[in-house]
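Since we're looking at a predicted model, the values are computed, not measured. Counting starts at 1 for both ligands and their atoms, in listed order.
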Amino acid sequence: MSTEQGKHKAELLDGALLADEIKLEVSGQIAEMRQRYGTVPTLAAVQVGDDPASEVYVRNKIRACEAVGIRSEHHALAAVTSTSELLALVQSLNTREEIDGILVQLPLPSQIDESAVIEAVDPAKDVDGFHPINVGRLAMGHPGLVPCTPAGIIELLDRYQVQISGANACVVGRSQIVGRPVAQLLLQRDATVTICHSKTRDLPGVTRQADILIVAIGRAGFVGREHIKPGATLIDVGMNRLSAEDDVRRFFGSEAERRLQVLEKRGYTLIGDVNPAEAIEVAGRFSPVPGGVGLLTVAMLMRNTLKAAQLRRALDQ
Ligand code: GUN
């Protein structure tokens, strides 16, 4: 914490630094695997359609594989792909011995039965941790493959020595990808966990009790001063696009000019679910967007792919 011109400034939690550390660690272990066993893990990334955000995410995942030494395959299917066509691809990836991890980028086009696809992935290759078997293992506190963003959030809290045990932790959002699994992980680490959602009464009254506040709801800049306990640790998991100049000015205060330039160049600028200017004034520690947990998701995917390979092939860990 520091004070500048009388205004409190939260310590920023640097996801990029931690993501680099994790990837370095994974690449060392992969080099060792190659040396000892003459093999490296393989990840199959499946993308359906041309959603621009998914395209960026999948590209980043493939690049990270190259950086750490994981072999990767990119399966890009047309937007009109049917559930049965996608299930056939997943089945073939399940049966191919050299494939260690299967990642189906979400969201899928509306004609596809997403649950059927998630349940078709071999739980041993489910590097996203979305299969009901892995969700159940997590709920029971048993070892398994854990969803990447939630696992990254715990790593970030640990790295910055945020005490989880005994803390009041509040998760805003109950998605399968972030809200629910991160609540399970916090519970496993002995936090007192509250999960909030769109029907929660007096949301600010509940979130202001939180020592650790995690927000994953997909609403641009929604969480502001009134939601945050002074000194709390605040993790923003949202990833929203702002395309109106007024919104950019409203949310970004002194950073607005730079953001307006980004807007002009790209047509949008990224913002999380938290109002960053207000968060910095009230929170004790803040993981912002971009630069926070997004990069950790990819790093944890690399770690999960290595872990899946080690477990499947019964290699020393
Ligand atoms: N869409 C948004 N986040 C994720 C993720 O972690 N994994 C996959 N497969 N799709 C996503």
Among all protein non-hydrogen atoms, which one is nearest to atom 9 (N) of ligand 1, and what is the separation to 0.1 Å? Asp128 OD2, 2.6 Å

Which protein non-hydrogen atom lies closest to atom 3 (N) of ligand 1, naming both residue and atom, and how far is it? Ile177 CG2, 4.0 Å

Stepwise salt bridge (Lys or Arg N to Asp or Glu O under 4.0 Å) check, Arg249 with Glu257: CA-CA 8 Å; Arg249 289 191 203 284; Glu257 288 311 315; 3.4 Å; yes

For Leu103, is at least one N or O under 3.5 Å away from an N or O on ligand 1? no

Got a second to check how far Leu108's CG is from Gln47's CD, nearest 0.5 Å? 10.5 Å

Using heavy-atom distances, let me know which of Leu106, Val178, Leu301 sits nearest atom 2 (C) of ligand 1. Leu106

Can you tell me if Arg96 and Thr42 form a side-chain donor-acceptor pair at under 3.5 Å? no

Asp158 and Arg189 ion-paired at < 4.0 Å: yes

N/O to N/O below 3.5 Å, does that happen between Val104 and ligand 1? yes

Which of the listed options, Met239, Met300, Gln105, Gln176, holds the heavy atom that is closest to atom 4 (C) of ligand 1? Gln105

What part of Phe130, side chain, backbone, both or neither, has a heavy atom within less than 4.0 angstrom of ligand 1? side chain

Taking side chain as C-beta onward, heavy atoms only, is Thr233 less than 4.5 Å from Leu13? yes

Distance (rounded to the nearest 0.5 Å) between Ile212 CD1 and Gln163 CD: 8.5 Å

